[in-house]
There are 2 protein chains.
Amino acid sequence: MAFEYEYQHPALAADCVVFGFDGSELNVLLIKRGIEPFINCYALPGGFVHLDETIDECARRELYEETGLRDVFMEQLYTFGALNRDPRERVVSVAYYALVRSTDYAPEGGTDAAQAGWFKMNQLPPLAFDHLEILKTAHQRLKNQIRYRPVGFELLDLKFTMTQLQTLYEAVLAKKFDRRNFSSKILKTGVLDVLDEKVQNTAYRAPRLLSFNRPKYQELTEKGFNFEI
Amino acid sequence: MAFEYEYQHPALAADCVVFGFDGSELNVLLIKRGIEPFINCYALPGGFVHLDETIDECARRELYEETGLRDVFMEQLYTFGALNRDPRERVVSVAYYALVRSTDYAPEGGTDAAQAGWFKMNQLPPLAFDHLEILKTAHQRLKNQIRYRPVGFELLDLKFTMTQLQTLYEAVLAKKFDRRNFSSKILKTGVLDVLDEKVQNTAYRAPRLLSFNRPKYQELTEKGFNFEI
DNA sequence: CTAACTTTGCGTATCAAAAACGCAAAGAAT
DNA sequence: ATTCTTTGCGTTTTTGATACGCAAAGTTAG
């Protein structure tokens with residue numbers, strides 16, 4: 001016992017909800033806990049905030065330590081402060097929400113990240129603490145964000161097809177769109193570049209590849225752009 | 001010195017950004033600090049989280065203690081965790097955002113709330129800590145929320161005129177609307193009841209009074225309603 | 001090799017909502 | 001009585017959303 005305070009202080013943690021997209025379904029990154037409480041139970045990557053780091057830095061550090069992932073799109077989600085979230089002591093957790101390209105990350109055996117893995121959003125294992133509630137909050141945020149941010153930037157490969165982009169939207173929003181309207185609507189915004197390149201080795205007609213045009217996207221978001229589908 | 005921990009813990013506080021509307025301009029509630037640091041400087045109402053209360057409860061308690069306000073619409077905004085926000089020790093602050101009817105609240109002299117007061121959003125005094133940054137974040141949230149929540153519920157009197165409602169939207173969004181389109185668009189949603197009552201003692205033609213229809217609003221928000229103007 | 005089939009890419013027709021604005025009645029001010 | 005401002009209700013015009021037709025690309029199957 002080393003640190004003393006005049007008043008009681010809660011412990012402060014950061015937890016990360018990392019979404020990935022595998023081409024057809026939305027996935028979330030979970031780790032298997034190696035310590036009590038909830039040992040061997042799945043949980044969101046996260047841990048306690050150090051006094052010499054910001055909460056954002058903590059979230060990135062813990063994510064890297066527990067899964068090997070870094071340099072991902074990440075933003076603060078919500079702070080969870082119920083009284084008995086953690087059986088050990090009062091812990092307040094600042095939750096973060098992150099998006100990664102699935103192809104950029106496969107959990108590797110034999111490392112700290114060996115216990116990390118992707119889970120389909122509709123086949124989740126039981127989660128430690130209030131992490132299911134945090135995850136549901138993050139999913140809601142993703143559903144909102146996809147309307148006014150091209151989250152495909154973070155979730156798809158640099159080059160992708162229109163069908164892949166539409167599948168992502170349909171997976172996130174759990175809703176179907178007309179292929180032709182989806183395509184023309186999203187092309188009309190100008191945030192996509194049509195590449196002079198086609199997918200190789202496809203069944204039937206090969207689709208052309210697309211990429212996001214970041215400067216154009218920046219320009220549009222600055223004047224209150226809406227990606228509504 | 002009474003409380004000991006194995007690891008260092010930051011202090012945890014909650015601060016409230018309370019917006020009010022006086023009929024023509026957007027206001028924010030500030031208190032004059034009576035203690036160091038930043039003594040006599042204006043700041044957001046707020047204080048440290050007790051270990052036997054949630055952060056939400058803390059925000060409501062502090063707001064009541066410092067301004068006398070209670071039972072207001074309030075929701076969590078963002079958590080601010082920069083390293084040197086507070087010169088005393090590491091303090092992480094969970095910011096809340098609240099809306100009140102100006103007529104429901106006038107700071108009273110001779111009470112704990114004597115130091116509280118409304119300030120116009122475009123005539124703010126210097127603020128303590130990083131409270132200006134918090135305030136700007138809250139204003140941005142209000143601008144977003146007014147699109148899909150009838151924030152007039154919280155900011156206007158129970159009975160109001162269409163012009164007052166439009167003035168509120170124009171004050172929040174810093175944008176002008178066509179009077180006739182604004183009126184028909186918002187009436188068409190059904191969230192307003194047209195009362196069989198007119199304003200008394202007006203210059204020129206007396207406008208009719210309106211009120212929000214809460215059940216209708218609830219019904220619409222549940223099916224993904226959009227109040228976009 | 002040819003026919004069938006699936007996906008893709010581009011187009012148009014139809015429908016609904018947003019934006020612009022005309023106009024007269026209410027009712028105080030002169 | 002006349003002027004003037006605000007209010008309330010409408011129409012026209014323009015824009016955007018939705019539904020869907022169709023042929024070309026290019027693979028699969030006979």
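We find that CD of A:Glu197 is positioned 13 Å from P of C:dG9, with the value rounded to whole Å. Atom CD in A:Gln200 sits about 11 Å away from atom P in D:dG26, given to the nearest Å. Between the P atom of C:dT7 and the CG atom of A:Leu209 lies a distance of 18 Å, rounded to the nearest Å. Going from atom CG of A:Asp178 over to atom P of D:dT18 covers 10 Å, rounded to whole Å. In this structure, B:Gln164 places its CD atom 14 Å from P of D:dT6, rounding to the nearest Å. If you measure from atom NZ of A:Lys185 to atom P of D:dT15, you get 18 Å, rounded to the nearest angstrom. Atom CG of A:Leu187 is separated from atom P of C:dG11 by 12 Å (rounded to the nearest Å). Between B:Lys175 atom NZ and C:dA19 atom C1' there is a gap of 12 Å when expressed in whole angstrom units.
Residue B:Lys198 has no polar side-chain atom (N or O) positioned under 4.0 Å from OP1 or OP2 of C:dA26. Within the structure, every side-chain polar atom (N or O) of A:Thr163 is placed at least 4.0 Å from both OP1 and OP2 of C:dT7. Residue B:Arg205 places none of its side-chain N or O atoms closer than 4.0 Å to OP1 or OP2 of C:dA24.
In terms of heavy atoms, B:Asp15 sits closest to B:Gly47 at OD1-N, 4.2 Å.
Evaluated for a side-chain contact (heavy atoms from CB on, under 4.5 Å) with A:Trp118, the options A:Asn27, A:Val28, A:Asp22 yield exactly one hit, A:Asn27.
Across the interface with DNA chain D, nearest-nucleotide mapping of B:Ala203 and A:Thr202 shows B:Ala203 to be the residue nearer the 5′ end. Annotation: of the two residues near DNA chain D, A:Tyr204 and A:Lys188, the 5′-most nearest-nucleotide partner is A:Lys188.
Of the charged side-chain nitrogens involved, none lies within less than 4.0 Å of a carboxylate oxygen, so that A:Glu57 and A:Arg61 do not count as a salt-bridged pair.
Residue A:Arg208 has its side chain nearest to C:dC10 when only D:dC20, D:dA17, C:dC10 are considered. Minimum atom distance to the side chain of A:Asn181 is reached by D:dT18, of the listed C:dA26, D:dT18, D:dT7. In the set D:dC22, C:dC21, C:dT8, C:dC21 carries the atom at the smallest distance from any side-chain atom of B:Arg180.
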Identify each donor-acceptor pair in which a side-chain atom of residues 157-165 of chain A lies under 3.5 Å from a protein atom, sequence neighbours left out, and give them as a table.
| residue | atom | partner | partner atom | Å |
| --- | --- | --- | --- | --- |
| A:Asp157 | OD1 | A:Thr103 | OG1 | 2.6 |
| A:Lys159 | NZ | A:Glu197 | OE1 | 2.9 |
| A:Lys159 | NZ | A:Glu197 | OE2 | 3.3 |
| A:Thr161 | OG1 | A:Gln164 | N | 3.1 |
| A:Gln164 | OE1 | A:Thr161 | N | 3.0 |

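Neither side chain, B:Gln123 nor B:Glu25, offers a donor N or O lying under 3.5 Å from an acceptor on the other.
Across all strands, B:Ser184 comes closer than 4.0 Å to no nucleic acid atom at all (heavy-atom distances).
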